[in-house]
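Keep in mind that this is a model prediction, so the values were computed, not measured. To find a chain, count down the sequence lines: A is the first, B the second, and so on, and within it residues start at 1.
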Amino acid sequence: MCNKSPFCPCSKVPDHVILSGGPNNRYWVMDVEERPGHKTLTMSCSKSLHPTETCLLKDGWEMTPVRRGDVVHLEGCSDGGSWLVDREQGFLVLLPDSLISGTSISSSIRCMRRAVLGDIFDGGSMQMLNGTMVHEVFQRAATAKDFSLEKLSKLADEALHGPRYLGDMYGLGVSQEEMKQELHNYLPSLQHWANDNSRAPSSCQDSATVVTVTDLADIEENVWSPRFGLKGKIDVTARVRIQSPRNGGHRIPEEKIVPLELKTGKESNSIEHRSQVILYTLMSLERYNPETGFLLYLKTGNLHPVVANHMDRRELLKLRNTLVHHVHNCVEQEAERSRLTRLPDILTNRQTCQYCPQKRNCALYERAVDPSSADVSEDVVQDFLQQETGHLTLPHLNYFSHWLLLWTLQSIKLLKYLTLTCVSSEKNGSCVGNLQLSDPVTVQSEGVFLHRFQRSSVASQQGLASGDRIVVSDQEGRLVGLATGYLCEVSRKVISCTLDRDLSKYSDVLFRVDGDEGVVGLSTHLTNVSRLMESCQDSDRLRELVVDLRSPEFISNLSSVLPREAKDTVANILKGLNKPQKQAMKKVLLSKDYTLIVGMPGTGKTTTICTLVRILHACGFSVLLTSYTHSAVDNILLKLKRFRVGFLRLGQGQKVHPDILPYTEESVRKNSCVFSSKPFPFRYLATTCMGIKHPIFTHRRFDFCIVDEASQISQPICLGPLFYAKRFVLVGDHQQLPPIVQNQEARSRGMDESLFKRLELHKEAVVQLNVQYRMNRQIMSLSNSLMYDGQLECGSERTATALLTLPFLLTVQSELNSYSQMQPQHNLSWLQATLLPSNPVCFLDCSVAGCKPSDVGVIAPYRQQLKRISAVLQSSAFTGVEVNTVDRYQGRDKSLIVLSFVRSTAEEGNLGELLKDWRRLNVAITRAKHKLLMVGSATTLRRYTPVEKLLNHLQQENMISLRNYLDTPKFFLILRQIIL
DNA sequence: ACTAGTCGACTAGCA
């Protein structure tokens, strides 16, 4: 019986799942049979699901939450296709391609719920800075092989003054001097340990084993183990000599490579610490097969050996399986609707929970996701829930669970699958294999190593491009995740990239490079929603506005906000603005909570924002300027930098516009020490919405926060910067594109509602910029009839009447005439009509000559179509013609736009979602300043309501029939011939 | 039924 569920064994194994037998086996679970005390899996390691094998789980393994449709990895041995995993032998690794970090697993020993929450929300406190810095000093001393006090103290100073931790210290409110004292406490014991380690005895009291560290093989080695589904970074990989009296009478020392885990805290030798080491030995099994790992407590310099037996590994892998199960099954179906699942139970151990960084999320989840359980829970739990969430109302809790569910739905597809065989993924194009290091590795800057690889086999095509994030592994899959970095250059023979580690010691290894899609920073966004629920002044206020939709308030008189001395300056600045723009400025100044500025197409949003910042500057207000994308932020800054408004741009240098680079943190710091001088000198800060993770924000508050393109940002992300300002201004246009949401259910349940749209119901907070300087009258009228109900106006007669200038029009027309006479079978009258500048809107029912290519833009809704069009336009005459999607054209314009609608389907064909969106169509038709050519099949397009409305608005003379030139690439071929 | 952009990762520590 097939219920069409993805877990149904008769449904197909999804394409992205890779199955295999052998040592790196991957089995697809087809059936799970449960009996008291044991569980039997029916499974197959072949995509055809034939032949099948079985696996018997017992002695506790039967509790593994494995289901039909899961992928599992098996360790141990099978007897003719039947596996046994029990107390003594075998391991089962559930969903092995989901790599779980060693620290997550060891933290789940005490509280599984916390470990799962840690996967959803950012946790952690800033109190860990000291630990991180001591680690850094140790690791750098080890790299330099110099543990003298002098060296250590120099390294400590470098860490204290280097850019990496300054921000953190600033955030913690710790001075460099305080931090220095803290750090220096550790230096003598580091030195002591290094001098002494030749005779550092193991602390195993029952044996006289002596362990000597002879050399450090690696520092911060990154290990991904798809065999055990583990990942981690090993502090130190050390060569040790182990002298054990049990090796008979001769004490032949044993040479081993082992992981060393450094601890700066108490010498607890706790189960958590030991578990971490056991997991590290397990994940490095394939690298150097260690049996033992070590804990090194830096405070005392003591070294504790941790020997892992089968039982320890077994129990830790069981924990891992439970954890991975919860992480993967966070959503369940109930009557065709998804909902969040229950988490592992609350611990309610007062001592443990008191310091838990997930305290609030733990309580929120319980109350918001499964409120019924709260009534029956014990008093301790009730008290805890009351304490953490007592200040919240039902709508608040609903808002939290709503966005938690939507984000989870959206992220389900993004689960990362590691592919083990290069061949299979090279087909998908996200991998290049058989690479050899061809040149010496060069150091570009600290921690950035430039590598060049030679490709031994020349692949026909690859999906990797320069700038992509990558992971480097060995070809066999033994050393997975050796380094990560960015691709610089890809050619048929050579690949160069910058990596976070120097791989020169692996000179004999054959490498592979995989594209790293990464798991997108889901946690940052949900942390914003969680933070909105916090009981504190900033969150309480924002929650009231965003969740309760309290009406925004305004003061009545400008004089109280406008300083007397600023009046003239402000009046001067205002001179350059039109009426609605002036109104917008006034509204913002009068606002006590927020203002929404609707910027219709071409109405000068950037100028308006730039002017707004200048006015706020003149009035002495501080401003945080953000948008979702780097380019949107820089767009405004490029305008703003002409005026004397000193701002700081936060963000990675690579992503920032070259002209804005002098304003970045890094450049500014070169001249002065920004963070040590308090108060923070910059009153104007610009960054992306995600940039608010920067430690500056732990202290800094602004008078205003401006968010550009706010109608394209999803609520959890848009909330981020708003925590840091007393008032905010959202700029956008909900009639243009909304946030993109892939998941159909998430979209239908409102995930594409931006904060801009949500708050728009408060009309008193809205100002509309409706005077536009982009489109001529005819083009504008399309959008007016489609979306704006006639509200959009031309800013000047010049704008309204501007036409395309085609200097060679006459020549081309006469050439066309003679061409038609010579080849009368080609009727080119359509082209003649299309070319006429006096015909600014043409729909070519399934030309353009002599104007500058950079004035021409080609737009299509689909990427695939763009690829084909670009291929046809591969001629020098077309270089400079920008071919792009509707989505990417938002916010910009061209003199002439050729818009291809692509679709031409038979009667019953599937329509697709993209063209059903009014807002996408609106953006597409409002990019052209002087002429808009649309190409498409009118018959097909009438099936899309928005396009139908557009077609109905077009006059007869706008419609030109292209009888013989039905498909678009062919149309462009003709276009090319004419232009050349 | 296919549109984009963001992001260092993992770990530090405590009870």
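Straight-line distance from the NZ atom of A:Lys263 to the P atom of B:dC14: 9 Å, rounded to whole Å. Remark: P of B:dT3 and CZ of A:Phe901 are 16 Å apart, rounded to the nearest angstrom. Residue A:His273 contributes atom NE2, which lies 12 Å from atom C1' of B:dT11 at whole-angstrom precision. Spacing between atom CD of A:Glu220 and atom P of B:dC10 amounts to 12 Å, rounded to whole angstrom units. Here B:dA9 presents its C1' atom at 15 Å from CD of A:Glu221, a figure rounded to the nearest Å. Rounded to a whole Å, the NZ atom of A:Lys916 is 15 Å from the P atom of B:dT3. As a whole-Å value, the separation of A:His630 NE2 from B:dC7 P is 4 Å.
Heavy atoms of A:Arg920 sit under 4.0 angstrom from at least one base atom. Among the heavy atoms of the strands, none lies under 4.0 Å from A:Arg919. A:Pro861 comes within 4.0 angstrom of the backbone, heavy atoms only, and of no base. Across all strands shown, A:Gly232 has heavy atoms under 4.0 Å from sugar-phosphate atoms exclusively, and none from any base. If you check every strand for non-hydrogen atoms under 4.0 Å, A:Asp235 touches sugar and phosphate atoms only. Nucleic acid contact class of A:Arg110 (heavy atoms, under 4.0 Å, all strands): base. A:Tyr280 comes within 4.0 angstrom of the backbone, heavy atoms only, and of no base.
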Which is it for A:Asp218 and A:Arg287 under the salt bridge (charged side-chain N to carboxylate O under 4.0 Å, His left out) test, yes or no, and what are the steps along the way?
-> CA-CA 12 Å; A:Asp218 210 340; A:Arg287 301 194 174 199; over 6 Å; no
In sequence, state the C-alpha distance, the side-chain angles, and the governing distance for A:Ile120 and A:Asn361, and then conclude on side-chain contact (heavy atoms from CB on, under 4.5 Å).
-> CA-CA 9 Å; A:Ile120 307 172; A:Asn361 295 325; over 6 Å; no
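Taking the side chain of A:Ile740 as heavy atoms from C-beta on, and the options B:dT11, B:dA1, B:dT3, the nearest nucleotide is B:dT3. The nucleotide whose nearest atom lies closest to any side-chain atom of A:Gln744 is, among B:dG13, B:dA12, B:dA1, B:dA1. Each of B:dA12, B:dT3, B:dC10 was ranked by its minimum atom distance to the side chain of A:Glu261; first place goes to B:dA12.
Of the side-chain N and O atoms in A:Ser101, none sit less than 4.0 angstrom from OP1 or OP2 of B:dA9. Under 4.0 angstrom from either OP1 or OP2 of B:dA4 there lies at least one side-chain N or O belonging to A:Thr885.
Comparing the P positions of B:dT6 and B:dC2 gives an interatomic distance of 23 Å, to the nearest angstrom. Between B:dG5 and B:dA1, the two P atoms lie 22 Å apart (nearest whole Å).
Nearest approach of A:Leu99 to A:Pro226, heavy atoms of both residues: CD2-CA, 3.9 Å.
A donor and an acceptor atom never sit less than 3.5 Å apart when one is taken from the side chain of A:Gln864 and the other from the base of B:dA1.
A distance of 11.0 Å separates CG of A:Leu526 from CG of A:Leu117, quoted to the nearest 0.5 Å.
Taking the ring centre of A:Phe723 as origin, the terminal cationic atom of A:Arg531 falls inside the region bounded by 6.0 Å and 45° from the ring axis.
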